[in-house]
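Model, not experiment: these values are computed from the prediction. All chains are named by letter (A, B, ...) in the order of the sequence lines, taking the proteins before the strands, and each is independently numbered beginning at 1.
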Amino acid sequence: MSMNNQGRPTHISGGIQNSDSAVPQTVTGNRGLQIEEPLIFEQDSAGRCGVDLPEVPAVASRLGAVKPRGKIGLPGLAEPQVVRHYTRLSQKNYAIDSGLYPLGSCTMKHNPRLNEKMARLPGFADVHPLQPESTVQGALELMAELGRWLATLTGMAAVTLAPAAGAHGEMCGIMAIRSAHDAKGDTGRTKILVPESAHGTNPATAAACGYAVEAIPATEDGRVDLGALKAKLGPDVAGLMLTNPNTCGLFERDIITIAEAVHAAGAYFYCDGANFNAIVGRVRPADLGIDVMHINLHKTFSTPHGGGGPGSGPVVFAESLAPFVPVPYVVQDKDGAFRLVEQAGDGPAFGRMKAFHGQMGMFVRALAYMMSHGADGLRQVANDAVLNANYLLARLQDVMTPSFEGPCMHECLFDDRFLKGTGVTTLDIAKALIDEGFHPMTMYFPLVVHGALLIEPTETESKASLDQFVTALRALAERAKSGDVAYFQGAPRLTPRRRLDETAAARKPVLRWTPAVEPETVAAE
Amino acid sequence: MRYLPLTEADRRSMLEAIGVPSVDELFRDVPEAARLSGPIEGLSNHMGELEVERALSAMAGKNLPAGSVPSFLGAGAYRHHIPATVDHLVQRGEFLTAYTPYQPEVSQGTLQVLFEFQTQVSLLTGMDVANASMYDGATACAEAVMMANRVTRRKKAVLSGGLHPHYRDTTTTDARFIGFETVVMPPAPTGGEDLLAEVDGDTSCVVVQNPDVFGHVRDYTELGKACQAKGALLIVVVTEAVSLGLLTPPGEMGADIVAAEGQSLGNALNFGGPYVGLFAVKEKLVRQMPGRLCGQTVDADGRRGFVLTLSTREQHIRREKATSNICTNSGLCALAFSIHLSLLGEEGFNRLAGINHAKAVQLADKLAGVKGVEIVNGSFFNEFTVKLPKPAAEVVEALAQRGILGGVPASRLFGGGLDDLLIVAATETNTESDMDAFATALAEVL
């Protein structure tokens, strides 16, 4: 079979082309269970409605001087059409419910449906954020209880649940650091140190908060270069943002020394807690000298990612930064009643980070997960996450190239040295994995190694699913080394769409559907 | 520990494959001093499903669900009826448990939804393009101001006193740390304000809300023109998305950026979150937008498909030079929004807005009949402000004792002051008898 240029046409046209992907064309464009689904706007029939609403009561309008709007342009569909549209779309998604999703640094683990059921209890889902406190004591109790679990697991003194996502939590932490320096009148600190291997959100957060970002290089063994760090620490440094375990999947062995050096320089130590799932129940971040850390509830405590969120990024503070926790937060009065502190007042607490009190729906899911596992189970979570990652490392290290010596923590990192001279890239491997029924690992991150492949299995994968993944990946590695470049460049073949042209999408962005111009409009022009 | 599939035998054979005697050996890089020898104290051990349900249901039982009583709370979060279909579809595992669509070939479902969502938000707001959602309306507002600063290279924002105080505080918090100036107008529950008087050569933007936090509906067309003449952007905030079914959209009033809360469509109250921020701009500002964007393209066979695009604005490419540090969106909440709006369609959305307005008119008339109550608003959509002869917080507490959630005291939002003002909302969920019960109870407690 000819494989030349497979999947890489030299020009792209709008129509369906015959390719040698060995899949016959059909009249409808459908491929068995893979149904072509038009945009919802292309299914419009004026006058249809998917909900039954009563007539509008006859009243005199009180809209004032604003003129009522004209046609919006929304399509009209009956309920079964809407159900079928979204069901068909859902079937074009890979999800953790359908298979292994080993995205390093993203953490995709089982999402228990108990959590969904709990979050939908009317007592949580159907309460308004501004109801009188006397009518939401259970919601406030849940927030207090979640805060207690987070503080206990991290050994920290204070918690805010307000941030809406991990990156939002980073911002909260950096604002607390800034507030603490300001409170001391120490205003000459203009820099935040960020290791090269950090998530892109770290430097973006520090910059967004008005700091200059200074990168710290990594050592040969994938850790922060302690010498380089110490050389950069000085009276102009406000803080260090470190991820631990880091994005190479390694524990920063020198972390206590790092903390001491940072503190000796009068700076604060921020830890990006995205990888807390590797150590939960086994290590308390406070014992490592960390001043402030965010926790992605969806990563460590399993709230579904929903194709991009919502997230939730509570932040824990050591004694050193506890006074600077932003509003709102929950306090308990002597009589046992819970109260929300919603205004910053004159204290050191800094303002507000979003409307209302945080991602309550996520809090319920996270607490349900914590209670299901308990203190004993969470320790086992870390054990199994680390065991699974090291098992993959052990099973793959002879056919792929591990970037650093183990043990790794909850994720294992390979680079593309094993592909050298084959013509096959990290991207090609990822796309071929899709045809094998797996979501690819994280590619090209962290940036500190070339052509990175970062694999995170998590604790909710069985040995059997890991073995199947290993078998597929080993076979692909061998195939790449055998020089079958065309096979990889043509992948994926079995998906609803083959490789998509991302360059074209960025060059002339089409970011919305636009109705076809009506003939009379054209004539009028 | 039903979520953990490994058996003891699995663990032993895996440790053997790795070549270490115990799992503790895998934690050897952790400094000795920080290693815990057993489970952390002070937390319960694992529980079965039944036990967790019991414990959490007990907590939920201590709350008063808004739907179980006559409820008139709004102020940025609204109780609307959500068709059963919405939650059913949102809970499909392929939507619920998918990640960010980084591999477009196996994420066309989420990507097409985002493309359709962007289109819906553009149409609703009357703007050229929208992004794939933000955390919530308040953070969208703060990001809009930061974006205006970038675009105009000016560093002062003028915030209307009619802006929801949480949106105001979110924006001023960012301003303080990021380093821009905010001019915050005092709340003007009864009258207008001269925003233009505050606009000068340093002003990047003017932020207004429609309907504003007190419920007033305004036409900002003239303000938009005046801002443009002074080189400042007009940012229009919308906290009640349903109002867009009836009112002139911000785009037609000359808004450069719209920052809105989309909770009203498809998303439950959830005690304040998660919600879904809407963010839409004029075409020329696309590349300065924060957040995620989905774009149309073709695949290797020339077939239409969708990808995340313009990511060179984002933190994972531009790091400290990114337009914002945002890394996620509110994907699932955006999906719920999109499904609800698809069910409603043109006719349903317009009618839903009409019902909301009519219900509020009916409620205003009923409350105006209560002795001592004065309706403050000359215009409103589904929410308005009433002046009471007593502090509103006391009245609300007394109403709650009678099983009625009677609105949001302005003092709760503004942190003191405006004590006699109560912000009241009505939606399609409120029946005539709810309203009568409210008016009767209000007469009793005043």
Side-chain angles (χ1 to χ4, degrees), chain A residues 7 17 49-50 56-57 59 64 74 76 86 89-90 92-97 121-123 125-126 128-130 132 135 137-138 164 167 200 203-205 207 213 251 287 306-310 343 351-352 355-356 359-361 374-377 391 394 407 462-463 495 497-498 505 510 512-513, chain B residues 5 10 14 18 26 29 34 39 43 45-46 59-60 62-65 73 89 92-94 97-98 105-106 108-110 119 135 138 166 169 173 268 270-274 295-297 299-300 302 305 309 315-316 319-320 322 325 327-329 331-332 343 345-346 348 354 358 361 379 408 415:
Chain A
Q17 293 179 344
C49 186
V56 179
V59 296
L74 297 171
Y86 288 99
L89 290 186
S90 76
K92 297 181 198 303
N93 270 0
Y94 197 97
I96 189 68
D97 280 0
L121 290 171
D126 193 24
H128 191 284
L130 300 173
T135 66
Q137 284 297 303
T205 296
V213 177
F251 198 91
D287 298 339
Q343 307 290 338
R352 165 181 284 283
F356 311 122
Q359 310 281 64
M360 180 66 178
D376 53 340
Y391 180 66
S462 67
K463 180 171 177 295
T495 44
R497 285 293 179 272
R498 297 180 61 223
V510 179
R512 59 174 283 191
W513 172 83
Chain B
D10 288 336
M14 291 165 78
I18 297 164
L26 299 173
D29 286 335
L43 302 174
N45 276 342
H46 70 278
M59 279 188 215
K62 294 176 191 167
N63 301 323
L64 180 68
L73 296 146
L89 290 170
R92 285 190 63 90
E94 305 93 324
T97 73
E105 296 87 356
V106 284
Q108 285 299 301
T110 288
T119 306
Y135 304 140
H166 289 182
D169 291 350
T173 298
N270 284 323
F271 199 48
Q296 183 180 307
T297 188
D299 79 345
T309 193
Q315 38 73 31
H316 59 276
R319 296 176 82 82
E320 69 267 24
N325 74 328
C327 164
T328 51
N329 63 338
L332 207 61
L343 283 164
E346 178 85 18
V361 171
S379 67
V408 178

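The candidate with the highest count of non-hydrogen atom pairs below 4.5 Å against chain A, out of B:Pro274, B:Gly93, B:Gly295, is B:Pro274. By number of non-hydrogen pairs under 4.5 angstrom with chain A, the leading residue of B:Pro39, B:Gly331, B:Ala60 is B:Ala60. Contact count against chain A (heavy-atom pairs under 4.5 Å) is highest for B:Gly272 among B:Gly272, B:Cys327, B:Ala322, B:Gly354. Contacts with chain A were tallied for B:Thr297, B:Leu89, B:Val361, B:Asn45; B:Asn45 has the most, counting heavy-atom pairs under 4.5 Å. The residue among A:Pro129, A:Gly374, A:Gly50 with the most heavy atom pairs within less than 4.5 Å of chain B is A:Pro129. Chain B forms more heavy-atom pairs under 4.5 Å with one residue of A:Gly308, A:Gly351, A:Ala207, A:Ala204 than with any other, namely A:Gly308. By number of non-hydrogen pairs under 4.5 angstrom with chain B, the leading residue of A:Leu89, A:Asp376, A:Val56 is A:Asp376. Between chain A and the options B:Asn270, B:Val408, B:Asp10, the largest number of non-hydrogen pairs under 4.5 Å is found for B:Asn270. Taking chain B as the reference chain and counting heavy-atom pairs below 4.5 Å, the highest number among A:Gly377, A:Ala375, A:Ser462 is found for A:Ala375. Your options are A:Gln359, A:Arg352, A:Lys463, and the one with the most heavy-atom pairs under 4.5 Å with chain B is A:Arg352. Ranked by heavy-atom pairs under 4.5 Å with chain B, the first of A:Ala394, A:Pro57, A:Gly76 is A:Pro57. Contact count against chain A (heavy-atom pairs under 4.5 Å) is highest for B:Ala358 among B:Ala358, B:Ala138, B:Gly415.
Listed here is the closest heavy atom pair of B:His166 and A:Leu130: CE1-CD2, 4.4 Å. Contact record, B:Asn329 with A:Gly307: OD1-O, 4.3 Å, taken as the closest heavy-atom pair. The shortest non-hydrogen separation linking B:Thr119 to A:Trp513 is OG1-N, 2.9 Å. A pairwise comparison of heavy atoms in B:Ala268 and A:Ala125 identifies CB-O, 3.5 Å as the closest pair. Contact record, B:Gly109 with A:Lys92: N-CB, 3.6 Å, taken as the closest heavy-atom pair. The two residues B:Glu320 and A:Val213 make their nearest non-hydrogen contact at CB-CG2, 3.8 Å.
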- Item | B:Asn63 vs A:Asp126, side-chain contact (heavy atoms from CB on, under 4.5 Å): CA-CA, chis, key distance, verdict | CA-CA 9 Å; B:Asn63 301 323; A:Asp126 193 24; over 6 Å; no
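Residue B:Asn325 holds its CG atom at 3.5 Å from OG1 of A:Thr205, rounded to the nearest 0.5 Å.
Proximity to chain A (any heavy atom under 4.5 Å) is shown, for B:Thr328, by both the backbone and the side chain. The contact between A:Leu121 and chain B is made entirely by side chain atoms (from C-beta outward), counting heavy-atom distances below 4.5 Å.
Between A:His128 and B:Phe271 there is no side-chain heavy-atom pair separated by less than 4.5 Å.
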